[in-house]
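As C-alpha cells, the structure follows; a few thoughts come after it.
This one's a predicted model, so the numbers in the text were calculated from it and none came from an experiment.
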Amino acid sequence: MKEYARAFFGDAYADDIAKGLWMLEANWQGPAAANEGIDETLAHWQAIEKRAGEDVAGNWRFQLHLLRALCDAYIRARVIAETGQEEQMYAMLKAPRGEGRLRGPRSRRGGFRESVAPRVRKDIRRRIERLSLDMLDSIGMQFSVLEPYRASNTERGAILDGIDRPLNNQLWLAKQLGELREMEDESAQAERIEMLANWESPKPGALYDDLGCAWRQPHLVRQATWDTDPGFVDGPQEEHSVGLDKRSRTATDERMSWLDQAQTLFGAPLRMHYDELDPGKSYTLRVTYAGRYRATMRLVADNAYEIHAALKQPESIWPVDFPVPREATQDGALDLEWQLIDGRGCQVAEVWLIPE
C-alpha cells in the first residue's frame with residue numbers, strides 16, 4: 001500500500017494514503033448503519049485533500065478514493081434515516097384500525113404516498129456531483145447515461161442514476177397499499193395487512209432467511225470456502241440487482257429483499273440446512289423466487305422428498321407456500337436442495353420455514 005502511495009502521491013502522503021485505503025476496505029465490513037468507521041474514513045480522506053491541496057488536484061486516483069469515501073458516507077446516512085422512516089411505515093400498518101387517519105387501507109396508503117426519502121447530507125450529495133464532473137474531465141469517467149457523461153447504460157458505472165434510489169421498502173409498500181384500496185373483501189384486506197406488517201415473522205417460531213444479504217441468511221449452506229473456491233464454481237454467492245428500470249431509470253417497486261438473491265452457477269445446487277426443529281410439528285416452506293436468470297428449478301428435502309417438481313420462476317414475484325413432508329423433519333433437522341433444470345443458475349430471494 002505504501003509503495004502504491006509513494007508512486008502516485010509522493011513520500012509525504014504515503015502513510016496517510018495507505019491508511020485511507022485500508023479504511024475504505026473496512027467500510028464494507030458489515031451493515032453500513034452499524035459501521036461508524038465509514039464517517040471516520042470520509043474525514044480521513046477530506047483531511048488528506050485539505051493538507052495536500054494542489055498536490056492531489058486533478059489526480060484521478062485520489063479522486064476515485066475520495067469518491068468512494070463520499071458515497072459510502074452518503075449511503076450510510078441515508079440507510080439510517082430511511083430505516084427509521086420504514087419503521088414508522090410498519091407502525092402505521094400495525095396500528096389498530098379506527099385510530100385517527102388509520103381507519104382503513106385508503107388512508108394508510110395516503111400516508112405512504114406522501115412519504116419521500118429523507119433529505120440527508122446534502123453537502124455530501126453536492127460534492128459527489130462536483131467530483132463526478134471533475135473525473136469526467138480528468139479521465140472521462142461516465143457516471144450517468146445523461147449528458148454530459150453518456151454512459152452506455154445504468155449498469156456500467158453510472159452511479160449517479162441510482163444513487164438516490166430508496167433504501168427501504170417505501171415504493172413496494174405504497175404499491176401494496178394501492179392494491180389493498182381496490183380489495184372489497186374486508187377479511188381479505190385484514191389478512192393482507194397482517195402479512196405485510198409481519199412479513200418476516202408470519203408466525204411465532206418462523207425461521208426467515210433473506211438470501212443474498214450476507215448477514216441475514218443463517219441457514220444457507222456454503223459448499224466451499226473462498227480459499228478453495230474463489231470463483232464460486234461449487235458454492236453460492238450473493239447476487240444483486242440495480243433496482244432501476246433500464247428505460248426510465250426510475251426505481252422499481254420491488255421489495256429490497258427481492259433485489260438480492262443467493263445464487264449458484266455451473267449447475268451447482270443451492271442448499272440450506274435447518275436443525276433444532278420440533279419433530280412433533282408440521283412445517284410449511286415459503287419461498288420467494290426472484291432473479292434475472294428466471295431459472296427453472298426442482299426442490300427436494302433430505303435428498304429424498306420432492307417439495308416441488310421443475311418450476312419456472314413465476315412471472316409475478318410473490319412468496320409461494322409448499323408443505324414439508326413430516327418425515328423430513330422428524331429427526332429435528334431439514335436439508336433443502338434446489339436443483340437447476342434450465343437457465344443460467346439457481347436463484348432464490350427469500351425462504352421461510354413456518355411451524356404449524
Before giving the answer on salt bridge (Lys or Arg N to Asp or Glu O under 4.0 Å), spell out for E238 and R222 the whole-Å C-alpha distance, their side-chain angles and the decisive distance to 0.1 Å.
CA-CA 11 Å; E238 285 75 41; R222 297 192 179 276; 2.6 Å; yes
E350 vs R216, test: salt bridge (Lys or Arg N to Asp or Glu O under 4.0 Å). Steps then yes/no.
CA-CA 10 Å; E350 295 176 293; R216 303 193 66 204; over 6 Å; no
Is it the case that R61 places NZ or CZ above or below the six-membered ring of F8, under 6.0 angstrom from the centre and within 45 degrees of the axis?
yes
Qualifying salt bridge (charged side-chain N to carboxylate O under 4.0 Å, His left out) pairs with a residue from residues 32-44, counting only residues at least two apart or across chains:
D39-R76
Hey, can you tell me if Y289 and H308 have their rings parallel, tilted or perpendicular (30° and 60° cut-offs)?
perpendicular
Keeping the roles fixed (side chain from D275, backbone from G332), state whether a donor-acceptor pair exists under 3.5 Å.
no
Carboxylate-amine/guanidinium contact R125 D164, below 4.0 Å:
yes
Can you tell me if E356 has over 12 outside heavy atoms packed within less than 6.0 Å of its CD?
yes
Are W226 and F232, when compared by the centres of their aromatic rings, separated by less than 6.0 Å?
no
Taking C-beta and beyond as the side chain, do E315 and R294 meet within less than 4.5 Å on heavy atoms?
yes
Interatomic distance, CG@L167 vs OG1@T83, rounded to 0.5 Å, equals 8.0 Å
Atom pair CD1 (I38) and CG (D72), whose distance is rounded to the nearest 0.5 Å:
5.5 Å
Taking the side chain as everything from C-beta on, heavy atoms only, tell me whether L334 gets closer than 4.5 Å to D302.
yes
Heavy atoms only: give me the nearest P218-Y208 pair and the separation to one decimal.
CD-O, 4.3 Å
Might you confirm whether atom CD of E184 has over 12 heavy atoms from other residues, nucleotides or ligands at distances under 6.0 Å?
no
Looking at every heavy atom in both V233 and F266, which two are closest together, and how far apart are they?
CA-CD1, 3.7 Å
Closest non-hydrogen atom pair, G162 against L244:
CA-CD1, 3.6 Å
Could you check whether atom CD of E327 has more than 12 heavy atoms from other residues, nucleotides or ligands sitting under 6.0 Å from it?
yes
Please lay out, stage by stage, how N35 and Q29 fare under the test side-chain hydrogen bond (donor to acceptor under 3.5 Å, both in side chains).
CA-CA 8 Å; N35 190 341; Q29 294 177 7; over 6 Å; no
Exercise: do Q170 and E82 side chains pair donor with acceptor under 3.5 Å:
no
dist N27:CG -> L42:CG (nearest 0.5 Å) comes out at 9.0 Å
Step through the shown structure and confirm whether more than 12 heavy atoms of other residues, nucleotides or ligands are within 6.0 Å of CH2 on W22.
no
Test item: D209 side-chain N/O and L211 main-chain N/O as donor-acceptor pair under 3.5 Å
no
Is there a donor-acceptor contact under 3.5 Å from the side chain of R150 to the main chain of Q142?
no
Taking only Lys NZ, Arg NE, NH1 and NH2, and the carboxylate oxygens of Asp or Glu, determine whether E337 and R298 approach each other closer than 4.0 Å.
no
No-hydrogen, no-angle side-chain donor-acceptor test under 3.5 Å, T225 and D227:
no
To the nearest 0.5 Å, what is the distance between CG on D55 and CD on E49?
12.0 Å
Any side-chain heavy atom of L173 sitting closer than 4.5 Å to one from L93?
yes
Would you call the rings of W318 and W258 parallel, tilted or perpendicular, where under 30° means parallel and over 60° means perpendicular?
perpendicular
Establish, from distance only, whether the side-chain atoms of Q63 and S138 form a donor-acceptor pair under 3.5 Å.
yes
For D335 and H273, run side-chain hydrogen bond (donor to acceptor under 3.5 Å, both in side chains): C-alpha distance rounded to whole Å, both residues' side-chain angles, the deciding distance at 0.1 Å, then the answer.
CA-CA 5 Å; D335 286 289; H273 173 77; 2.8 Å; yes
Can a side-chain donor-acceptor contact be found between W172 and E254 if the only test is distance below 3.5 angstrom?
no
Contact summary for F143 and S132, nearest pair of heavy atoms
CD1-CB, 3.5 Å
Residue pair P269 / L340, side-chain heavy-atom distance below 4.5 Å
no
Residue pair L285 / W352, side-chain heavy-atom distance below 4.5 Å:
no
Carboxylate-amine/guanidinium proximity below 4.0 Å for K2 and D15:
yes
So CG of D210 and OG of S257: to nearest 0.5 Å the spacing works out to 5.0 Å
Minimum side-chain heavy-atom gap Q189-R192 below 4.5 Å
no
Is it true that the side chains of D161 and S144 contain a donor and an acceptor less than 3.5 Å apart?
yes
Taking atom CG of N303 as the centre, report whether more than 12 heavy atoms of other residues, nucleotides or ligands fall under 6.0 Å from it.
no
State, to 0.1 Å, how close P355 and K281 come at their nearest heavy-atom pair, and which atoms those are.
CB-CD, 4.0 Å
Taking all non-hydrogen atoms of both residues, which atom of R286 and which atom of D321 are closest, and how far apart?
NE-OD1, 2.8 Å
To the nearest 0.5 Å, tell me how far T252 OG1 sits from L171 CG.
8.0 Å
Is NZ or CZ of R68 both nearer than 6.0 Å to the six-membered ring centre of W28 and within 45° of the ring axis?
yes
Quick test of your reading of the model: are D123 and R121 salt-bridged, counting only N-O distances below 4.0 Å?
yes
Considering only NZ, NE, NH1 and NH2 on the basic side and carboxylate oxygens on the acidic side, decide whether E194 and K94 come within less than 4.0 Å.
no
NZ/NE/NH1/NH2 to OD/OE distance under 4.0 Å, D16 and R51
yes
Under the side chain to side chain contact (heavy atoms under 4.5 Å, CB included) test against Y283, which residue among I354, T329, L207 passes?
T329
Does a donor on one side chain and an acceptor on the other come within less than 3.5 Å for Q347 and Q263?
yes
In the structure I gave you, are the side-chain heavy atoms of V221 and P236 within less than 4.5 Å of one another anywhere?
no
